[in-house]
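Bear in mind the structure is a predicted one, so any value in this text is a computation, not a measurement.
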Amino acid sequence: MSEALLAEQRRYYAARAPEYEDWWWRRGRYALEPEDEARWFADVAEVERALAELAPLGDVLELAAGTGIWTRQLVPLATRVVAVDANAETLALNGAGAEHVVADIFDWEPTERFDLCFFGFWLSHVPDDRLDSFWALVRSALGPGGRVFLVDNGRRGDAAHISGSEHGVEMRRLGDGREFRIVKHYRDAADLPGLDLRVTENGHFLYGGGVL
């Protein structure tokens, strides 16, 4: 996968930071019909319950922490949260409670060990040819008995911001009309052997984890 595409992906998420949570909270152009919205938030609650059941989490490393949707869930459950993201623009919205590290995950190396590595809506952005090195990074960040928990898309996302898709690359449109290419692989449990993964009742999210 080309460095140019990964750089474009970083630029996209920096530019999308001000509207990212509109997608999660189904506001504005991401709004759903009432029944669809209820299904979405039922699936959100299912993932949140699964994460809460892992507590206490100990020292947590969150990769691709973004604007803090999951950081805010992790902080009350953990002793400490270190939130890593490639973009200062997203971490500026991440909020208090976590230690912020601006770093490209593909180049970053942990200098300590954690009890849990969490990543939300990140694995689908890892190119196939970098999966092995990504899992090596995760393993190097975990102490003995360290766990992984992830959440990602369970099926293709919203038409509101996807304007095209081909061979693991999506074209994404921002609210102001700008378009960017990103890596996007809709993975499933069969792609990730060794982890206890499931899809939410309404199919929105793939989530779960285990000990690596």
Could you list the residues that satisfy salt bridge (Lys or Arg N to Asp or Glu O under 4.0 Å) with [X], not counting sequence neighbours?
X	value
Asp22	Arg27
Asp188	none
Glu35	Arg39
Arg173	Glu179

Going by the rule side-chain contact (heavy atoms from CB on, under 4.5 Å), which residues pair with [X] if we only count those two or more places apart in sequence or in a different chain?
X	value
Asp132	none
Ala160	Tyr30, Asp158
Ala42	Asn202

With a cut-off of 3.5 Å and sequence neighbours excluded, list every side-chain donor-acceptor pair involving residues 203-212.
{"unit_1": "His204", "atom_1": "ND1", "unit_2": "Asp43", "atom_2": "OD2", "d": "2.9"}
{"unit_1": "His204", "atom_1": "NE2", "unit_2": "Arg155", "atom_2": "NH2", "d": "3.2"}
{"unit_1": "Tyr207", "atom_1": "OH", "unit_2": "Glu46", "atom_2": "OE2", "d": "2.7"}

Item checked: Over-ring placement of Arg11 relative to Phe180, 6.0 Å and 45° cut-offs ->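 So Arg11 doesn't make the cation-pi contact.
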
Notebook entry, point to check: Are the aromatic ring centres of Trp40 and Trp23 under 6.0 angstrom apart?
Noted result: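 Yes, they do, as the ring centres are separated by less than 6.0 Å.
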
Next item on the list: Mind checking ring-ring contact (aromatic ring centres under 6.0 Å, His included) for His125 and listing every partner two or more places apart, or none if nothing turns up?
Entry: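 Testing His125 for ring-ring contact (aromatic ring centres under 6.0 Å, His included), a comparison that skips the adjacent residues, returns Tyr13.
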
Check: Which salt bridge (Lys or Arg N to Asp or Glu O under 4.0 Å) pairs, counting each pair once, include a residue from residues 87-106, with sequence neighbours left out?
Finding: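 Counting only pairs at least two positions apart or across chains, the salt bridge (Lys or Arg N to Asp or Glu O under 4.0 Å) contacts touching residues 87-106 are Arg10-Asp104, Arg80-Glu99.
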
Side-chain donor/acceptor pairs under 3.5 Å, residues 48-70, sequence neighbours excluded:
{"unit_1": "Glu48", "atom_1": "OE2", "unit_2": "Gln73", "atom_2": "NE2", "d": "3.1"}
{"unit_1": "Glu62", "atom_1": "OE1", "unit_2": "Thr71", "atom_2": "OG1", "d": "2.6"}
{"unit_1": "Thr67", "atom_1": "OG1", "unit_2": "Glu21", "atom_2": "OE2", "d": "2.9"}

Note to self: Through direct or indirect side-chain contacts below 4.5 angstrom among Ile, Leu, Val, Met, Phe, Trp and Tyr, which residues connect to Val102?
What the structure shows: Leu91

